[in-house]
Amino acid sequence: MAEKILLEIVTPERKVVSDMVDIVVAPGEMGEFGVLPNHIPFLTKIKVGELRFKVDGRERYVAVMGGYAEVLPDRVTILATAAEEATDIDVIRARAAKERAERRLKEAKDRLEFARAQAALQRAIARLKVAEKGRGA
Amino acid sequence: MATLRDIKRKIDAVKKTAQITRAMNMVAAAKLRGAQANMEKFHPYADKFREVIFRLASGVEQDGTFDLLTPRDDVRKVELVLLTADRGLCGSFNHNLITLAEKFLLEKESEGYEVTLVTAGRKGHEYFRKRKFKIRKSLTGLLNKPNYDDAYSLGRELIELFQTGEADEVYLIYSQFVSMLRQVPTLIKLLPVVPERESEESQQLEYLFEPSHEVLLNDILPNYVYVQILESFYQTAVSEHAARMTAMDNATNNCNEMVRDLTLVYNKARQASITKELMDIVGGAEALRK
């Protein structure tokens, strides 16, 4: 059970995570998927949502805002547009963002506005969800 | 001959200039540190992206399935994006970029292509506007704080131009940051996308793609364009600050040298006037004694 994989989550702004982990579960476009060591090479798109991984039995949560995942036998690389670990999430700000997005969703006049508001709402929800789980752990 | 007071005034003026250039040097140094840190934080992302895109794009048939990858048979319209600074006082930084752009534009024009220009940065815009080049669009303020949103909207627009046939090829000129003393104007082809080969680690791994190879590649290609644009923003911003720092450092040194020279002239003039006064007094005294 000593075997681990290297998980790297990088965004244009910074490297969010770079750790040896036991297991990664990521929100794939076609559904959530889990990665253990010696996974076969795999490339996919990921959507806005929650990514979790385990280090020495402890679960950690990261909110990822969409991007790509590359899986190799010994490592997983997540190229995310943005990502925040649960402990770094500003809950008050995320809540405000959620309310703002909901309001915009109601007031949206055209499809583009609607889609934008919807995306913002999704991001805010993902953040809040991850923040909550992170505190529970 | 300049009077003592004139020289004194000149010395004071030069000293004030030195103060300003020294301040600008320090401001540039501070901005450089920030910009460089941001650029370095972006590096892992860009590197990873290049790796992934290369793996995805290698072995793909150039049969038109991926419009962003496929070179056009009949290239007529060429688009050039030129990154420069918005401000001057940074030595030959802007000039070097503009020179490369002008050379490229004239060359393409003489080969019969239709070239249009997108300038990002005031200096490039001013130069080419005066020379009546066709400027499609002019952007400013991109380098203050390079960010993904700006890179995205510029990239989005360029891809649209390419896809609607408004441009058959899109190039980008930016300043590559090599070192504090060397910033190299660089020309790259943005579209059609040319995947860069990183290293010769012939890692022909059999990948599992989800959804499919095509969908994934079509989805990731535009993002690759944004990444390249953002990277060029970062590089150019850092280059600008480095160039300004060097230029202002030189200016400060020149000022100090001038102050030294002028002080010498001033002292000589002062000594000369003292000597002259002494001669007068001695002369006067001699005359009285007689």
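Within every chain, numbering begins at 1; the chains are lettered A, B, ... in the order of the sequence lines, protein sequences first and strands thereafter.
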If we only count heavy atoms from C-beta on, is the A:P41 to B:L208 side-chain gap below 4.5 Å?
no
Contact check, side chains of B:F49 and A:Y68, non-hydrogen atoms, under 4.5 Å:
yes
Counting only heavy atoms closer than 4.5 Å, note whether B:N147 contacts chain A via side chain, backbone, both or neither.
neither
Has A:I92 got more than 12 heavy atoms of other residues, nucleotides or ligands less than 6.0 Å from its CD1?
no
Largest heavy-atom contact set with chain B, pairs under 4.5 Å, which of A:E70, A:K15, A:R14, A:E8
A:E70
Between CD of B:E210 and CE of A:M30, what distance do you get to the nearest 0.5 Å?
5.0 Å
With only heavy atoms counted, which part of A:A69 is less than 4.5 Å from chain B, the side chain, the backbone, both or neither?
neither
Looking only at heavy atoms, what is the nearest atom pair of B:Y148 and A:P12, with distance?
CD1-CG, 4.0 Å
Would you give the length of the straight line joining atom CG of B:L216 to atom CD of A:E29, rounded to the nearest 0.5 angstrom?
9.0 Å
First locate atom OG1 of A:T77, then atom NZ of B:K48, and finally report the distance between them rounded to the nearest 0.5 Å.
3.5 Å
Quick one, A:E13 with B:F42, criterion side chain to side chain contact (heavy atoms under 4.5 Å, CB included). Give me CA distance, side-chain angles, the key distance, then yes/no.
CA-CA 6 Å; A:E13 253 115 65; B:F42 177 63; over 6 Å; no
At under 4.5 Å between heavy atoms, what parts of residues 43-57 of chain A are in contact with chain B? List them by residue number.
A:L43, A:T44, A:K45
So OH of B:Y226 and OG1 of A:T81: to nearest 0.5 Å the spacing works out to 11.5 Å
Heavy-atom contact with chain A under 4.5 Å, split by part of B:I220
both
Please check if the number of heavy atoms outside A:K98 that lie under 6.0 Å from its NZ is greater than 12.
no
